[in-house]
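Have a look at the structure below before the remarks.
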Amino acid sequence: MESLADFIAGMPKAELHLHIEGTLEPELMIALGRRNGISLPYPDAATARKAYNFSDLQSFLDIYYRATAVLITQEDFYDLTIAYLKKAASQNVRHAEIFFDPQSHTARGIPFETVISGIERALLEANSSLNISTKLIMCILRHLSEKEGFEIFDKAFAWKHWIAGIGLDSSERGNPAEKFMNLFELAHQEGFLTVAHAGEEGSADSVRQTLDILHVTRIDHGVHCMEDDALVAELAEKQIPLTVCPLSNVRLKVFESMKQHNLKAMLQKGLCVTVNSDDPAYFGGYVNENYIEAAKALQLDEKDIIQLAKNSFTASSLSSIHKQLYLTEIDRYIHQT
Ligand code: HPA
Ligand code: ZN
């Protein structure tokens, strides 16, 4: 019998909560800084890694947005995205729904077109050469105004053929879901998939409001839903997916340690939870490491891993035929191991 880590590594998986800017490994950050003549607060990759000690979400976001300064050209966005896709494919990620934060680039004078065309070139290449399917989700920064959100949303219209969904990220505290009510209403009208971060630093109430006001298909993180039994019952009954990111939650002190994480309890409640890496360059691991660390600390077994992997496809925005194809891959994998 192979180890659980090997079982996880070989399992076909989807990744549904991944910020492409959060895949900027220190080595690439330093290289792009040199290439573009951008000075960074770190002399080398090892020093950067040592500085990645976060006390909460905001302390991470400050460092994460500052690092995006090295992303200037279409080539930079291509290099960033293809590096993630190669890593993901090597971990048997078969489908990825990828967030990008255009406002963090347009605010620095980088054209929207530069960002999206660099990312899209990598997605197309990965589709044919890495055997991985992808979708792109444009996130709105919630610390900015809804008006600024609408300005970037207008840009997305011209690139609608490349953008599957609209998401909401950045600081949850002080920026409630209702701030973006009109924008999400328009996103629905225009036929976009909608998702939003909630219940990461916010409470169960934030999850509830995000569902009731923004009517999103999935909740990103959502771990604090467990404070409200009625909400948990509703999420379980409707099988609303929660894209959980275990290493992120530990590194951003949402939980004191992996042993304290409520992933297993969420599974036991019948919630449609998935495992994701969020910002792997900052949190110490890609999707497999998230599964493995959570499995070790919470004593997840093969049955739990299979459930999580199946959830990752059923919670995706793939067509039912594509979901079925990937679920069949899982069944085939289970029977051959
Ligand atoms: N939460 C909110 N915003 C983010 C995150 C996160 O975990 N990662 C990148 N932007
Ligand atoms: Zn996130």
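Between the side chains of His224 and Ser203, no donor N or O sits under 3.5 Å from an acceptor N or O. Donor-acceptor pairing under 3.5 Å is lacking for the side chains of Asp331 and Thr328. Residues Glu201 and Gln58 bring no donor and acceptor atom of their side chains to less than 3.5 Å of each other.
In this structure, the side-chain contact (heavy atoms from CB on, under 4.5 Å) partners of Ser319, at least two apart in sequence or on a different chain, are Ile321, His322.
Using a cut-off of 4.0 Å between Lys/Arg side-chain N and Asp/Glu carboxylate O, Lys238 and Glu234 are scored as salt-bridged. Salt bridge Glu172/Arg142: absent, no basic N to carboxylate O contact under 4.0 Å. A salt bridge is defined here as a Lys NZ or Arg NE, NH1 or NH2 lying under 4.0 Å from an Asp or Glu carboxylate O, and Glu293 with Lys296 meets this definition. Residues Arg218 and Glu97 are paired through a salt bridge, judged by an N-O separation under 4.0 Å between the basic side chain and the carboxylate. One finds a salt bridge joining Asp79 and Arg35 here, because a Lys/Arg side-chain nitrogen approaches an Asp/Glu carboxylate oxygen to under 4.0 Å. At a threshold of 4.0 Å, the pair Glu151-Lys155 does not count as salt-bridged, since none of the basic side-chain nitrogens sits closer than that to a carboxylate oxygen.
Taking hydrophobic clusters as Ile, Leu, Val, Met, Phe, Trp and Tyr residues chained together by side-chain heavy-atom distances below 4.5 Å, Leu124 does not share a cluster with Ile119. A chain of hydrophobic side-chain contacts below 4.5 Å, direct or via other Ile, Leu, Val, Met, Phe, Trp or Tyr residues, connects Tyr291 to Ile334. Residues Met29 and Ile20 are members of one and the same hydrophobic cluster, defined by side-chain heavy-atom contacts under 4.5 angstrom among Ile, Leu, Val, Met, Phe, Trp and Tyr.
The CD1 atom of Ile330 sits 6.5 Å away from the NZ atom of Lys310 when rounded to the nearest 0.5 Å. Taken from CG in Leu57 to OG in Ser171, the straight-line distance is 6.0 Å, to the nearest 0.5 Å.
For Phe180 and Phe184, the ring centers sit 6.0 Å or farther from each other. Under the 6.0 Å cut-off for aromatic ring centres, His19 and Tyr282 do not qualify, their centroids lying 6.0 Å or more apart.
Among Thr243, Asp169, Asp279, the one residue that satisfies the side-chain hydrogen bond (donor to acceptor under 3.5 Å, both in side chains) test with His17 is Thr243.
Lys86 NZ: 12 or fewer foreign heavy atoms inside a 6.0 Å radius. Annotation for Glu125: atom CD counts as buried by contact number, over 12 foreign heavy atoms lying within 6.0 Å. Counting heavy-atom neighbours within 6.0 Å of Lys269 NZ, excluding the residue itself, gives a total of 12 or less.
Ring orientation note: the planes of Phe192 and Phe153 are nearly perpendicular, at an angle over 60° on the 30°/60° scale. Relative orientation of the Phe60 and Phe283 rings is tilted, given thresholds of 30° and 60° on the angle between their planes. Using the six-membered ring where Trp is involved, Tyr42 and Tyr52 have ring planes that are perpendicular, over 60° apart on the 30 and 60° scheme. Using a 30° and 60° split on the angle between ring planes, His105 and Phe77 fall in the perpendicular class, above 60°.
Residue pairs that meet the salt bridge (Lys or Arg N to Asp or Glu O under 4.0 Å) test with at least one member in residues 7-26, sequence neighbours left out, are Glu25-Arg49.
Nearest approach of Leu18 to Ser277, heavy atoms of both residues: CD2-OG, 3.5 Å.
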